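One structure is given here, and the rest of the page talks about it.
No experiment lies behind these values; they were computed from the predicted model shown.
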Amino acid sequence: MDDDEFRAAAGDVIDYIIGYQRRIRERAPLPAVTPGYLRHLVPAEAPEQPDSWADVLADMERVIQPGMTHWHSPQFHAFCPLANSPPALLAEMLAHGLSCVGLNWEAAPACLELEMLVLEWVAKLLQLPDAFMTRTGTGGGVITGSATEGVLVTVIAARERALARLRAADPELDETVARGRLVAFTSCQANPAIQRAAATAEVRLRALPTDSECSWRGDTLRQAVEEELAAGNVPIYVVATLGTTSTCAFDRLDELGAVCRQHEMWLHVDAAYAGAALICPEYRHLLQCGVQDVTSFSFNAHKWLLVNFDCGLLWVRDASQLAEANRIDAPYLDTAETTLPNFRNWSLALGRRFRALKLWFVLRLYGVSGLQEYIRGHVQLARQFEELVRRDERFELAAPVSMGVVCFRLRGAGNAATAELLRRVSEARRVYMVKTELPTGQLAARFVVVSRVTTDRDIAVSWEEIRRHADAALSGAAADSDRPPAVQPTGHVETCTCTTKRNGFMTDKTVSERWRMLMLLHKVGYRGH
Ligand SMILES: Cc1ncc(COP(=O)(O)O)c(C=O)c1O
């Protein structure tokens with residue numbers, strides 16, 4: 001493809017994208033194909049001779065579009081928003097045009113320095129303390145591929161910090177025993193990604209119950225920490241969620257922070273979706289109420305901040321702990337001395353894309369006011385949907401409406417009816433929602449405002465489609481009485497535990513080893529009181 005052909009083809013692509021987005025309402029959000037559809041449409045071998053551009057472009061409609069779930073349809077209400085904006089698309093094109101890999105400063109100075117700058121811009125919008133900024137503190141921000149990556153690198157840092165403390169207190173420390181004693185905590189409403197990250201870092205994770213509004217409280221954490229201490233284990237790491245995936249509930253950061261401070265645990269805040277809303281002054285208190293105790297904070301700009309996938313943002317209070325624990329070195333990575341951070345030691349991959357460019361373009365071309373307006377618009381649309389649910393007596397809200405998330409169900413009809421409603425809605429393909437399960441065992445339909453182009457009218461269209469299936473779902477569903485509410489545990493606070501193989505041996509520990517660990521904990525300062 002020469003320059004002229006490239007220019008013409010690029011024009012075709014831009015026209016295609018504009019046309020696709022402009023006519024998005026003409027496509028049902030869910031595709032009609034069945035698994036394996038694509039194999040019937042393309043040859044089994046790669047072409048021996050080059051295909052023509054016209055044929056390749058035509059196959060977007062023939063091969064690709066039939067198998068697309070349209071995330072940007074205003075009738076797509078599943079999962080979380082997935083950002084998609086013209087400024088981010090332009091930046092992605094440029095980033096791929098320049099095509100560099102940010103291994104270190106020398107390999108891509110602009111890539112590193114712009115990343116530092118835009119992370120600082122956003123940190124200021126969130127009002128993160130100065131400590132989280134490279135220029136003014138010990139910390140800084142970095143772009144990751146995902147929220148999971150943010151948890152993984154921080155739990156590794158917390159693990160290494162704890163082991164270093166234990167080693168310093170006891171040079172004879174049996175590291176294998178000590179590793180098996182480490183324990184992390186989150187809530188049962190936390191995203192399963194937290195479990196995977198902890199398991200990958202080989203740190204045992206306890207998922208603790210929440211209150212009736214799905215918010216994780218300090219007392220529950222305190223009790224679990226005390227149990228672990230009494231058993232000779234070492235509590236090291238806590239993940240609080242601001243905006244859970246299921247109902248967008250907010251954990252009580254003020255209460256959890258106090259427990260983390262008392263027990264010197266690393267407090268990571270996962271605000272993957274709702275973190276973007278913290279750029280609006282009216283939501284900042286959700287973080288500010290406990291920010292002084294937060295060790296690391298992350299959210300995905302690619303969810304609700306109009307920056308195309310992927311663009312996870314992670315800030316840490318002490319970057320040296322993160323960098324030391326996740327350090328990778330090789331002779332060919334050595335470069336001229338610089339005081340700037342080496343982001344390859346702050347995140348998982350060695351090779352890093354120029355993702356800061358799209359965040360920079362979005363911040364500049366929307367401006368803070370434009371982004372705030374966008375977020376407030378989604379919240380408003382969710383309120384509109386909430387009102388429609390409230391007005392129809394066949395439905396009820398299943399959880400407090402939060403940000404752009406509305407969880408609702410068929411009133412008094414049991415889980416089977418709500419499941420049947422979701423099945424019917426999905427089968428019709430005009431609206432897409434997914435289900436969630438509340439701590440009470442109740443099933444709910446989860447309606448999320450996702451698309452950037454959603455209007456009042458779109459919300460009304462989605463609601464009409466949902467309510468159209470209500471009567472059939474109510475009569476079609478087998479009479480399934482609700483499961484009784486889950487009994488809140490009284491003594492041992494735990495509803496699910498994620499253990500790794502390595503931790504399996506812990507039950508075999510001898511009494512003397514346990515005693516030795518207890519003594520060591522006392523010496524290091526991991527005290528219950
Ligand atoms: C609260 C929360 N945490 C973590 C995740 C996982 O995010 P990622 O896919 O970026 O790892 C999600 C995904 O939706 C989420 O909502």
Side-chain angles (χ1 to χ4, degrees), residues 81 83-92 94-95 98 102 105 108-147 149-150 242 269-288 291 294 296-319 322 338-343 346-347 352-376 452:
N84 184 3
S85 71
L89 282 173
L90 291 171
E92 279 291 56
L94 284 167
L98 299 175
W105 184 85
C111 178
L112 171 76
E113 296 199 18
L114 190 67
E115 191 161 328
M116 288 173 63
L117 178 96
V118 287
L119 270 282
E120 199 167 303
W121 278 10
V122 181
K124 286 180 182 164
L125 293 179
L126 303 172
Q127 294 191 341
L128 285 177
D130 284 349
F132 285 83
M133 287 173 230
T134 316
R135 271 191 314 145
T136 48
T138 50
V142 65
I143 298 182
T144 62
S146 64
E149 185 182 341
L242 294 185
V269 175
D270 171 22
Y273 157 62
L278 304 178
I279 68 163
C280 300
E282 64 270 32
Y283 297 123
R284 283 198 191 121
H285 66 279
L286 295 164
L287 171 64
Q288 292 305 320
V291 76
V294 172
S296 50
F297 174 83
S298 72
F299 83 94
N300 285 344
H302 62 245
K303 280 188 161 57
W304 208 14
L305 205 67
L306 289 169
V307 184
N308 282 52
F309 190 73
D310 55 344
C311 193
L313 309 182
L314 168 71
W315 290 266
V316 285
R317 193 179 275 278
D318 184 343
L322 189 71
T338 158
T339 53
L340 300 181
N342 236 331
F343 281 149
W346 294 34
S347 50
R352 316 188 70 255
R353 289 202 308 122
F354 198 172
R355 290 175 292 201
L357 204 61
K358 55 187 170 182
L359 180 53
W360 193 45
F361 275 33
V362 165
L363 289 166
R364 292 180 65 188
L365 291 167
Y366 278 96
V368 176
S369 59
L371 294 170
Q372 289 171 337
E373 191 185 328
Y374 169 68
I375 282 167
R376 288 174 183 142
R452 174 170 56 86

How long is the gap from [atom1] on [X] to [atom2] on [Y], to the nearest 0.5 Å?
X    : Y    : atom1 : atom2 : answer
L112 : L117 : CG    : CG    : 11.0 Å
F309 : K303 : CZ    : NZ    : 7.5 Å
S298 : W315 : OG    : CH2   : 8.5 Å
Y366 : L306 : OH    : CG    : 4.5 Å
R352 : T144 : CZ    : OG1   : 8.5 Å
L278 : H285 : CG    : NE2   : 9.5 Å

Can you see which heavy atom on [X] is nearest to which on [Y], and at what distance?
X    : Y    : result
A88  : K358 : O-CB, 3.9 Å
C111 : F354 : CA-CE2, 3.5 Å
S296 : V316 : CB-CG1, 3.8 Å
T134 : G141 : OG1-N, 4.5 Å
S85  : N308 : N-OD1, 3.0 Å
L305 : A276 : CD1-CB, 3.9 Å

Any donor-acceptor pair under 3.5 Å linking the side chain of [X] with the backbone of [Y]?
X    : Y    : value
E149 : G145 : yes
D270 : A272 : yes
Q288 : L126 : yes

Would you say Q127 has more than 12 foreign heavy atoms packed within less than 6.0 Å of its CD? yes
Suppose we screen for side-chain contact (heavy atoms from CB on, under 4.5 Å). Which residues come up paired with L125, at least two apart in sequence or across chains? I279, L363, V368
Side-chain contact test, heavy atoms from C-beta onward, threshold under 4.5 Å: evaluate it for [X] versus [Y] and give yes or no.
X    : Y    : result
Q372 : P281 : yes
V362 : L371 : yes
L287 : F299 : no
W360 : W121 : yes
P129 : R317 : yes
M116 : R135 : no
V142 : L119 : no
P86  : R452 : yes

Residues in salt bridge (charged side-chain N to carboxylate O under 4.0 Å, His left out) with R353, at least two apart? E92, D310
